[in-house]
Amino acid sequence: MFCDSRHTAPAALGTTLQEMTATQIDRAPTILIVEDNEDNRIVYSTMLRHFGFAVDEAENGAEGILKARTGLPDLILMDIAIPLVDGWEAVQRLKKDPATAAIPIVALTAHAMPADREKAIQVGCDGYLAKPCEPRAVVEEVRRILESKTV
């Protein structure tokens, strides 16, 4: 299921990392945010950290590819209109690389036309969020995809 900003997130998203016991979590899942807008990175990374995720950040597609290959995050939030290597190309490169092919990637983009959603699927995205997107909806989509990955 793909999400966009028209969906409302539930009021409560569950426990924060501070409320979890050591037996509930071996390590915090790592989310790589590839986003050139600093304000967006701050908002999404703050919300994800609040809910117990470890966060890494990249400002452009080339840096995102490098950090994905070296850090092997549990999920990538990928903006599409980013410098150096655009998000479409970055997703394709990561999905073709055996080391990163299994990492779920969610397009988090202002490209909000139906054709953009279809293109996200075609290039290999596992989810799609249209900006502006409520930060809690981002957390919910991350959780949904990570939970489906473990089933």
For residues [X] and [Y], determine if any side-chain heavy atom of one lies less than 4.5 Å from a side-chain heavy atom of the other.
X      : Y      : result
Asp97  : Thr100 : yes
Ile80  : Trp88  : yes
Val106 : Ile76  : no
Glu38  : Ile42  : yes
Asp116 : Thr109 : no
Ile65  : Val85  : yes
Leu77  : Leu75  : yes
Glu35  : Lys131 : yes

Contact summary for [X] and [Y], nearest pair of heavy atoms:
X      : Y      : answer
Leu72  : Ala99  : CD2-O, 3.4 Å
Ala107 : Ala120 : CB-CB, 4.3 Å
Ala28  : Ala54  : CB-N, 3.8 Å
Ala58  : Lys67  : CB-CD, 4.3 Å
Glu59  : Pro83  : O-CD, 3.9 Å

What's the separation between atom [atom1] in [X] and atom [atom2] in [Y], rounded to the nearest 0.5 Å?
X      : Y      : atom1 : atom2 : result
Cys125 : Arg117 : SG    : CZ    : 11.5 Å
Leu32  : Ile103 : CG    : CD1   : 8.5 Å
Asp74  : Ile31  : CG    : CD1   : 6.0 Å
Phe53  : Ile33  : CZ    : CD1   : 11.0 Å
Met78  : Leu108 : CE    : CG    : 11.0 Å
Glu134 : Leu129 : CD    : CG    : 11.0 Å

For Glu63, is there any backbone N or O sitting under 3.5 Å from a side-chain donor or acceptor partner on Asn60?
yes
Hydrophobic cluster membership, Leu146 vs Val138, 4.5 Å side-chain cutoff
yes
Hey, any chance Leu94 and Ile145 share a hydrophobic cluster, counting ILVMFWY side chains that come within less than 4.5 Å of each other, even indirectly?
no
Mind checking what makes salt bridge (charged side-chain N to carboxylate O under 4.0 Å, His left out) contact with [X], not counting sequence neighbours?
X      : answer
Glu57  : Arg41, Arg49
Arg93  : Glu89
Lys119 : none

For Arg144, is there an ion pair with Glu140 - N to carboxylate O distance below 4.0 angstrom?
no
Any salt bridge linking Arg136 with Glu141? Criterion: basic side-chain nitrogen under 4.0 Å from a carboxylate oxygen.
no
Let's go through Tyr44 and Cys133 carefully: what are the C-alpha distance in whole Å and the side-chain angles of both, what is the deciding distance for side-chain contact (heavy atoms from CB on, under 4.5 Å) to 0.1 Å, and is it a yes or a no?
CA-CA 10 Å; Tyr44 297 128; Cys133 190; 4.0 Å; yes
side-chain contact (heavy atoms from CB on, under 4.5 Å) for Val91 and Ile105? Distances and angles first, verdict last.
CA-CA 7 Å; Val91 170; Ile105 301 174; 3.8 Å; yes
